[in-house]
Amino acid sequence: MSNTPSPDNPGLTNWLLIASLGVIWGAAFMMVRLALDGFAPATVAAGRVLLGGLILLAVGTAMGQGPRSLPSARAWVFAIVIGAGAVALPIGMLSWGQQHVPSAFAGVAMGVVPLLVLPLAALFSKEEGIGPRRVIGMILGFIGLAILLGPEALNPSGAPLETWGRIACMSAAACYACGSIITRRAPKMPPLAFATVSLLTAAAILAPMALVKEGMPAAFPTGPTAALICAALLPTALAAVIRVRVITTAGSVFMSLTSYQVPVWSVIFGVTLMGESLPPQLFVALALILLGIGISQSRALKALFVR
C-alpha cells in the first residue's frame with residue numbers, strides 16, 4: 001500500500017492536522033471575542049490577516065519558501081485568487097452579515113460548507129471519489145451541527161437587513177467551498193509561499209477598507225492586542241498553511257470535515273474558559289458528528305488502522 005496521502009487514504013498526519021485545525025479554529029471565536037474588547041470588527045478582521053501574512057512572510061523567507069519561491073505566473077494567479085475570493089471576500093461578508101442575523105446562524109452557514117463541497121468535488125475534483133457513504137456522512141454531520149446550535153439559529157432577529165445578512169453568510173460559505181476546490185486544482189507550490197501570498201492579498205483588500213470605515217485604532221490595550229496577535233498567529237497564519245497542505249494531499253472533502261468540529265470546540269472552549277453554560281444537546285450532537293465523519297471516511301479509517 002502506498003504511503004502517499006490521497007483522498008481515499010489521507011494518512012495519520014492529515015488526520016492529526018484536521019483534528020488540530022478543529023481545535024485552532026474553535027479557539028478562534030474566543031480570541032476574536034477578546035480582541036473585539038479593544039478593536040472594531042473590521043480592524044480585527046484586517047489586523048489578523050495582515051499580521052498573519054507578515055508572520056508567514058518572515059518565516060517562509062527564512063525557510064526558503066517566500067513569495068519568490070512560487071514557481072510560475074499560474075501559481076501566483078491561484079494564490080491571489082484564493083486570497084481575494086476565499087479569504088478577503090468571505091471574511092468581509094461574514095463580518096457584515098453577522099451584524100444582521102442571530103450569531104448561531106453563521107455556525108449553520110459554515111456547516112453547509114461540506115455539503116457545498118460535495119457537488120463541486122464531484123464536478124471538478126473527481127479523483128476524490130464522491131459516493132453515497134460520503135453524502136450520508138456529511139448529512140449526518142450537518143444534522144449534528146444543527147442540533148448543537150439549536151432552532152434559535154434560524155429564528156428571525158428582527159433586523160431590517162436580516163435577509164441580506166443571511167445571504168451574505170451563505171455566500172461566505174460558498175466562497176470557502178469554492179476556495180477548497182480551487183486550492184485542490186492549484187499547481188504544485190510550497191505551502192508556506194501559497195499561504196503567504198493569499199493572506200497578504202487579503203490584507204491588501206481588507207486593511208484599506210478597515211481604515212476607511214474605522215480609522216486607525218486610538219490605543220492598543222494589552223489584552224485585546226495579545227488576543228489579536230494570537231488570532232493572527234494560530235487560526236490565521238498556521239491554519240492557512242495546514243489548510244493548503246491538507247487540501248493538496250488529502251482533498252477538499254476531507255478538509256471540509258473541520259466545519260463540523262469547529263462549533264463543538266467553540267462550545268467546549270466557551271464552557272471551560274469563558275464560563276458559558278454547557279448545552280444539554282452537546283453530547284447527542286457530538287455523537288452524530290463523529291458518526292457522520294466515521295461513515296464518510298470509513299475507507300480512510302480502515303486504511304489507517306488496517307495494515
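We count residues from 1, following the sequence as given.
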Show me, pair by pair, the donor-acceptor contacts under 3.5 angstrom made by side chains of residues 52-69, not counting sequence neighbours?
unit_1 : atom_1 : unit_2 : atom_2 : d
Thr61  : OG1    : Leu57  : O      : 2.6
Gln65  : OE1    : Leu192 : N      : 3.2
Ser69  : OG     : Gly66  : O      : 2.6

Exercise. Could you give the distance from CZ (Phe29) to CZ (Phe269), rounded to the nearest 0.5 Å?
Worked result: 12.0 Å
Problem set entry | Approximate separation, where rounding is to 0.5 Å, of Leu288 CG and Phe142 CZ | 12.5 Å
For this session: With sequence neighbours left out, write down each residue that passes side chain to side chain contact (heavy atoms under 4.5 Å, CB included) with Ala84, or none if nothing qualifies.
Result: Thr201, Ile205
Exercise. Do Met138 and Ser256 come within less than 4.5 Å of each other through their side chains, counting heavy atoms only?
Worked result: yes
Exercise. Does a sphere of radius 6.0 Å around CE in Met170 hold more than 12 heavy atoms from other residues, nucleotides or ligands, not counting ones at 6.0 Å or beyond?
Worked result: yes
Exercise. Which word best sums up how the rings of Phe39 and Phe220 line up, parallel for under 30°, tilted for 30 to 60°, or perpendicular for over 60°?
Worked result: tilted
Exercise. Would a distance-only check, ignoring hydrogens and angles, find a side-chain to backbone donor-acceptor pair under 3.5 Å from Gln281 to Leu148?
Worked result: yes
Exercise. CH2 of Trp25: more than 12 outside heavy atoms within 6.0 angstrom?
Worked result: yes
Exercise. Under the ring pair (Phe, Tyr, Trp, His ring centres under 6.0 Å) criterion, do Phe254 and Trp15 qualify, and how do the steps go?
Worked result: CA-CA 9 Å; Phe254 183 75; Trp15 277 105; 5.0 Å; yes
Problem set entry | Side chain proximity check, Met31 to Leu234, heavy atoms < 4.5 angstrom | yes
Exercise. What distance separates Ile91 CD1 from Met209 CE, expressed to the nearest 0.5 Å?
Worked result: 11.0 Å
Exercise. Is the shortest heavy-atom distance from the side chain of Pro279 to the side chain of Val267 under 4.5 Å?
Worked result: yes
Exercise. Glu127 versus Arg184: any side-chain heavy-atom pair under 4.5 Å?
Worked result: yes
Exercise. Does the side chain of Val262 reach to within under 4.5 Å of the side chain of Met110, using non-hydrogen atoms?
Worked result: no
Problem set entry | Rounded distance [0.5 Å steps], CZ in Arg245 versus CG in Asn14 | 4.5 Å
Exercise. How long is the gap from CG on Leu120 to CD on Glu128, to the nearest 0.5 Å?
Worked result: 10.5 Å
Exercise. Does the side chain of Ser296 come within less than 4.5 Å of Arg133's, by heavy atoms?
Worked result: no
For this session: With side chain to side chain contact (heavy atoms under 4.5 Å, CB included) as the test, would you mind laying out the steps for Thr183 and Met255 before giving the verdict?
Result: CA-CA 11 Å; Thr183 300; Met255 175 65 206; over 6 Å; no
Exercise. Which salt bridge (Lys or Arg N to Asp or Glu O under 4.0 Å) pairs, counting each pair once, include a residue from residues 275-297, with sequence neighbours left out?
Worked result: Arg33-Glu276
For this session: Dump the intermediate steps for side chain to side chain contact (heavy atoms under 4.5 Å, CB included) on Tyr260 and Val113, then the final yes or no.
Result: CA-CA 9 Å; Tyr260 295 145; Val113 172; over 6 Å; no
Problem set entry | Arg166 NZ/CZ over Phe105 ring centroid, <6.0 Å and within 45° of normal | yes
For this session: Calculate, to the nearest 0.5 Å, the distance between atoms CD1 and CD1 belonging to Ile18 and Ile242 respectively.
Result: 11.0 Å
For this session: Answer yes or no: is there a side-chain heavy-atom contact under 4.5 Å between Leu34 and Pro224?
Result: no
Exercise. Within the side chain of Glu162, is there an N or O that forms a donor-acceptor pair under 3.5 Å with the backbone of His100?
Worked result: no
Exercise. Less than 4.5 Å apart, any side-chain heavy atom of Pro41 and any of Gln98?
Worked result: no
For this session: Could you tell me whether the side chain of Thr236 and the main chain of Ala231 form a donor-acceptor pair under 3.5 Å?
Result: yes
